[in-house]
Amino acid sequence: MCSSSDPLTKNFDHHEAEGRIYSLWEKSAAFRADPEKGGDPFVIVIPPPNVTGNLHMGHALDNTLQDILTRYHRMLGDNALWVPGTDHAGIATQAVVERHLAGEGVSRLDLGREKFLERVWKWKEEYGGRIIGQLKRLGASCDWSRERFTMDFGLSRAVREVFVSLHEEGLIYRGDYVVNWCPRCRTAISDIEVEHEDRDDSLYYILYQGVNGGPSLTVATTRPETLFGDTAVAVNPQDSRYPRTGDFQVRLPLTDRVIPLIRDAHVDPEFGTGALKVTPAHDLNDFQIGKRHNLPIVSCVNQEGLLTAAAGPYQGLDAASARKKVAEDLEARGLLVKTEPLRHAVGLCYRCRTLIEPLISLQWFVKTAPLAKAAKEAVEEGRIRLVPQSWERTFFDWMDNIRDWCVSRQLWWGHRIPAWYCVKCGKTVVSRGDPSRCPDCGGGLERDQDVLDTWFSSALWPFSTLGWPDKTPDFQRYYPTTVLVTGFDIIFFWVARMMMMGLKMTGRVPFRTVVLHPLVRDASGRKMSKSKGNVIDPLTLIDAHGADAFRFALAAQAGTARDLKISEERVQGCSRFVNKLWNAARFSLSHIANLPTIPGPLSLDLPSRWIRSRLNSAAKDVGEFLNSFHFDRAADRVYRFFWDEFCDWYLELIKPALYGKDGEARESVTRSLYGVFSAALKLLHPFTPFVTEELWGKLPRADALLTLSAFPREDPEKEDQEAEREIGRLMDLAKAVRQARADFRVPPGVKLSPAARPRDPATAALIEEHSSLLLKLTGADSIRIAKETEAPPLDAARTAFAWGEVWIPLSGRVDLRKEEERIRAEKERLEKDAEKARAKLQNPGYLAKAPAEVVEETRERLEEMIEKLKAAEKSLELMEGMRRNRD
RNA sequence: AGGCGUGUAGCUCAGUGGGAGAGCACUACCCUGACACGGUAGUGGUCAAGAGUUCAAAUCUCUUCACGCCUACCA
């Protein structure tokens with residue numbers, strides 16, 4: 001009768017278990033994918049984290065969701081592959097190493113390119129493994145044998161192949177263009193790497209005096225220091241304040257230069273004075289105006305952000321001090337008409353938040369329009385699905401308005417651009433190999449100094465990691481990948497570019513579905529940042545509460561909202577669930593340990609049939625939710641199944657049998673428990689992999705790994721409506737007794753003797769059959785079936801159901817006045833609801849148009865309400881009668 | 001300026017055409033032989049406001065308000 005000695009500690013020791021279990025998975029090559037094996041491919045490529053980075057909350061969420069999907073599909077029998085890897089992260093990594101060198105008093109220029117790169121590689125070797133270890137602590141079931149790095153040999157080869165072939169097609173070109181220049185990083189960055197922020201600035205009104213009797217104009221500008229780069233003043237051709245025809249010139253203030261007045265439709269007559277200073281070298285729009293009007297280009301700010309010789313005496317000043325000085329000097333000469341405050345958006349470098357200096361320079365570009373068109377079509381035609389779909393519109397807008405992508409970066413760490421320039425004839429050679437001589441003149445070649453934007457290699461990630469451009473078995477089996485999981489903040493940086501490159505280079509979509517999850521915020525919804533001091537370290541939470549609790553907290557909150565507010569309390573809450581699981585296991589295993597044989601007859605009793613039916617429903621729902629990427633609802637469903645249905649009802653319902661004298665029943669119930677419990681572990685595994693794997697190992701005869709077992713699938717045969725209906729009635733009864741006990745404050749020691757009056761003999765039989773169960777659930781003393789004609793005593797708590805009535809005699813414990821009040825209130829509520837239902841059923845429109853089953857349901861509900869009302873009325877009648885007698 | 005999103009119980013959020021839900025918090029009772037990180041029973045909401053469509057609206061449409069995010073060539 002007694003269970004064997006307790007094999008489990010009271011709580012799950014995640015510190016001890018997690019590392020051990022992860023090595024077990026690794027040793028068993030559980031996550032290794034095999035292209036030779038069968039099964040539908042299910043493939044995810046990881047959004048590669050920065051190779052020298054640390055796991056942050058965003059990674060934690062992103063990878064938890066990927067892991068849930070991968071484990072789920074692996075258990076479904078799909079050929080699941082999760083490709084891991086890291087990104088070289090050009091600017092970020094170079095900046096970190098440079099900062100480190102600065103500590104030694106060395107700059108990268110001191111070292112030279114080659115030595116500097118050696119140091120970065122060394123840095124990478126030293127810190128590159130860290131984030132991989134952190135992903136493992138999270139439980140990520142990646143195939144580590146396929147780990148890639150964006151600067152691996154194979155991936156570099158893919159980069160070069162793409163660059164050269166796009167160049168051959170004319171989709172990559174080199175040209176002079178106004179680019180976003182970060183004077184601190186000393187490199188160009190792409191348009192989307194610029195962050196915009198509203199700043200309070202001044203708008204300076206500067207007088208440009210007319211020459212030869214022509215009109216003078218006042219122009220409004222926020223950047224007076226760039227006037228040295230002005231090569232025209234422009235007004236709108238429709239603007240009547242200015243001469244619409246005729247050639248005029250104005251004097252450029254503080255200089256002896258004279259520039260023309262031009263007319264261009266770009267100028268907004270409403271802004272400032274309607275006259276615009278045109279600075280083609282330092283403003284993209286001015287650059288375009290300049291092109292239209294063949295204006296000369298004068299650079300007055302250099303790549304260090306300092307004014308050039310074109311600024312005469314101002315040469316060498318930085319932009320901010322030049323602005324001040326220019327304004328002063330203009331004022332001194334009476335050329336500064338006025339200044340007014342202006343709040344406007346300024347561009348900042350996304351990495352260092354330095355003010356962006358637009359300036360003209362020679363850069364490499366990808367011609368994006370044709371690539372973007374293909375990407376847009378793939379989404380329009382449903383070959384790529386965005387989840388949630390609401391992102392499509394934003395995506396389309398961006399694809400329609402995309403500008404060419406500046407891909408050269410003035411850095412050393414990255415894929416060096418495969419372009420060479422002939423020192424003799426100036427020819428540009430772009431080549432897959434490393435050429436040594438100019439093919440035209442035989443002259444020497446110098447390689448382009450720049451590297452490619454980090455996102456260029458990231459854009460190839462879904463196919464470069466699988467071996468492309470070779471037709472490897474992996475590429476053939478696993479490309480296109482299945483799902484891409486990432487935050488919506490990098491749709492344009494990464495997702496769109498993978499689509500463009502994938503479609504262009506492989507002719508196929510890189511993935512079929514893009515799952516865009518929320519961004520992790522702190523508990524009050526603020527973005528986490530070091531400066532705000534509100535960063536929560538995922539590893540701290542894993543240490544404190546375990547990876548399972550942490551993952552569950554993330555999954556349970558990964559809904560369709562854009563923010564996910566994480567807090568330690570939340571994770572702690574989920575650790576209670578893990579604890580519940582552990583203790584339910586402790587209980588279950590102590591009984592399972594007594595099973596003589598695992599194979600054998602299963603219990604056919606009501607609780608066993610019921611939980612099998614509920615398990616089936618949970619498996620169905622969890623599967624559906626995961627298939628539609630509703631992680632939050634899947635987590636909620638599995639939680640409810642385990643806690644409410646399995647623990648709170650099922651385990652309690654089978655206790656009498658487990659402790660009972662009937663050996664045969666005990667054995668079959670235990671065997672059923674074994675089956676349901678192991679299925680529950682499977683259902684939970686994708687969410688809480690460590691604790692479930694640990695418990696699986698404690699099950700007898702479970703030699704294989706849980707992570708490689710089969711996920712429970714819906715099986716209509718397991719649905720048991722009869723069992724559900726019957727347990728539902730027993731639950732009604734139990735709840736009625738418990739409620740009466742609570743409402744009338746019956747002390748636990750006092751026994752109750754409820755009576756039930758079901759309306760059909762089957763329910764009566766059901767109650768009699770399970771009376772001992774009911775006694776156990778309610779703490780009642782006895783339970784009986786009342787006679788048809790029997791009237792309940794006056795001082796009884798009465799509850800009515802569609803199937804009949806229950807009353808619990810409470811001699812002396814009922815405050816009649818209070819009870820009468822309660823019943824009256826309930827009666828009122830019932831009458832209201834019943835009236836609503838009745839009105840519905842009398843409405844011809846409702847009867848004609850509502851679906852039959854909805855009408856039927858309403859009818860049933862009304863019937864139940866009528867039953868309850870009858871009971872309530874009877875009680876009130878009796879009470880009134882008694883009061884009359886007394887009076 | 002445009003686009004997108006959000007507004008449901010004190011807090012965090014599910015629900016997206018047919019009886020207002022969960023977790024946490026709160027209240028009362030209970031250490032009942034897995035779990036007090038537990039059990040049982042409760043309190044709590046004109047589903048932001050208004051109008052419309054419908055037999056039926058938290059759910060669809062329009063308008064308004066509040067908050068948030070993204071994009072943009074007002075210098």
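Throughout, a chain's letter reflects where its sequence line sits, starting with A, and its residues are numbered from 1. Heavy-atom basis, side chains included; hydrogens, waters and symmetry copies ignored.
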Tell me whether A:Thr670 contacts the main-chain N or O of A:Ile592 through its side chain, where contact means a donor paired with an acceptor under 3.5 Å. no
Side-chain donor/acceptor of A:Asp283 to backbone N/O of A:Asp286, under 3.5 Å: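 The answer is yes, because a donor-acceptor pair under 3.5 Å joins these two groups.
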Between protein and nucleic acid, restricted to nucleotides 53-57 of chain B and to nitrogen or oxygen atoms under 3.5 Å apart, what atom pairs and distances do you find?
| from | atom 1 | to | atom 2 | distance (Å) |
| --- | --- | --- | --- | --- |
| B:C55 | OP1 | A:Lys849 | NZ | 2.1 |
| B:C55 | O2' | A:Asn843 | ND2 | 2.6 |

Answer with base, sugar-phosphate or nothing: what part of the nucleic acid does [X] contact at a heavy-atom distance below 4.0 Å?
X	answer
A:Lys776	nothing
A:Arg403	sugar-phosphate
A:Lys10	sugar-phosphate

Using the C1' atom as the reference point in each nucleotide, state the distance between B:A49 and B:U8 in Å, no decimals. 15 Å
Cationic tip of A:Lys580 above A:Phe646 ring, under 6.0 Å, 45° of axis: no
Axial cation check for A:Phe687 ring with A:Arg551, 6.0 Å and 45° limits: no
Whether A:Phe271 stacks on the six-membered ring of B:A75 base, 5.5 Å and 30° limits: no
Would you please say whether a donor-acceptor pair under 3.5 Å links the side chains of A:Thr226 and A:Lys277?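 Yes, because at least one side-chain N or O of A:Thr226 sits under 3.5 Å from a partner of the opposite role on A:Lys277.
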Separation of B:A36 P from A:Asp648 CG (nearest whole Å):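 In whole Å, B:A36 P and A:Asp648 CG are 14 Å from each other.
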No-H, no-angle donor-acceptor pair, A:Lys580 side chain to B:C35 base, under 3.5 Å: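 Donor-acceptor pair under 3.5 Å: yes.
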Show your working on side-chain contact (heavy atoms from CB on, under 4.5 Å) between A:Arg738 and A:Leu777 and close with a plain yes or no. CA-CA 9 Å; A:Arg738 286 168 178 171; A:Leu777 290 176; 4.2 Å; yes
